[in-house]
Amino acid sequence: MEKKFDIPGFIYFKEKNIYTGSVGNIFNYKIIPGENFSVTVWKGKNCLAKTHEEDILAKQEFEFTANGLEELKNWLDTKHIETIS
């Protein structure tokens, strides 16, 4: 199975680092750590700040733990599959 997401480990986010990525310049995501992980998924070639609201596909929060990060990755995979189907 091809690895779609190259998301850093929990320690990266524990240091309050934000992570943004994309798959094929169509499926984009931004992960923001805080009390929870806050994730936004959008389509298109623009950064999130320049994206129209109608191009935002989903927003979700996950528990700020290593397990929460794994749930986040699984959710991203599901959203990616839904987007390309």
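- With sequence neighbours left out, S22 forms a side-chain contact (heavy atoms from CB on, under 4.5 Å) with N25, N28.
- Summarising the hydrophobic clusters (Ile, Leu, Val, Met, Phe, Trp, Tyr; side-chain heavy atoms under 4.5 Å, direct or chained), the residues clustered with I18 are I32.
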Would you mind writing out the side-chain donor-acceptor pairs for residues 63-75 within the sub-3.5 Å range, not counting sequence neighbours?
{"from": "T65", "atom 1": "OG1", "to": "N67", "atom 2": "N", "distance (Å)": "3.4"}
{"from": "T65", "atom 1": "OG1", "to": "G68", "atom 2": "N", "distance (Å)": "2.9"}
{"from": "E70", "atom 1": "OE2", "to": "K73", "atom 2": "NZ", "distance (Å)": "3.4"}
{"from": "N74", "atom 1": "ND2", "to": "E70", "atom 2": "O", "distance (Å)": "3.4"}

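- Residue pairs meeting the side chain to side chain donor-acceptor pair (under 3.5 Å) criterion with at least one member in residues 30-41, sequence neighbours excluded, are N36-E61.
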Show me the side-chain donor-acceptor pairs of residues 43-59 shorter than 3.5 Å, one per line, residues at least two apart or across chains.
{"from": "T51", "atom 1": "OG1", "to": "W42", "atom 2": "NE1", "distance (Å)": "3.4"}
{"from": "T51", "atom 1": "OG1", "to": "C47", "atom 2": "O", "distance (Å)": "2.7"}

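- Closest heavy-atom contact between F27 and L76: CZ-O, 3.8 Å.
- For the atom pair CZ (F13) and CD1 (I7), the distance works out to 6.5 Å, reported to the nearest 0.5 Å.
- No more than 12 heavy atoms of other residues, nucleotides or ligands lie within 6.0 Å of CD1 in I11, so this atom counts as exposed by the packing criterion.
- The hydrophobic cluster of I26 has no other members, since no ILVMFWY side-chain heavy atom comes under 4.5 Å of it.
- Residue Y29 holds its OH atom at 16.0 Å from NZ of K79, rounded to the nearest 0.5 Å.
- Applying the side chain to side chain donor-acceptor pair (under 3.5 Å) test to every pair with at least one member in residues 7-21, sequence neighbours left out, gives no pairs at all.
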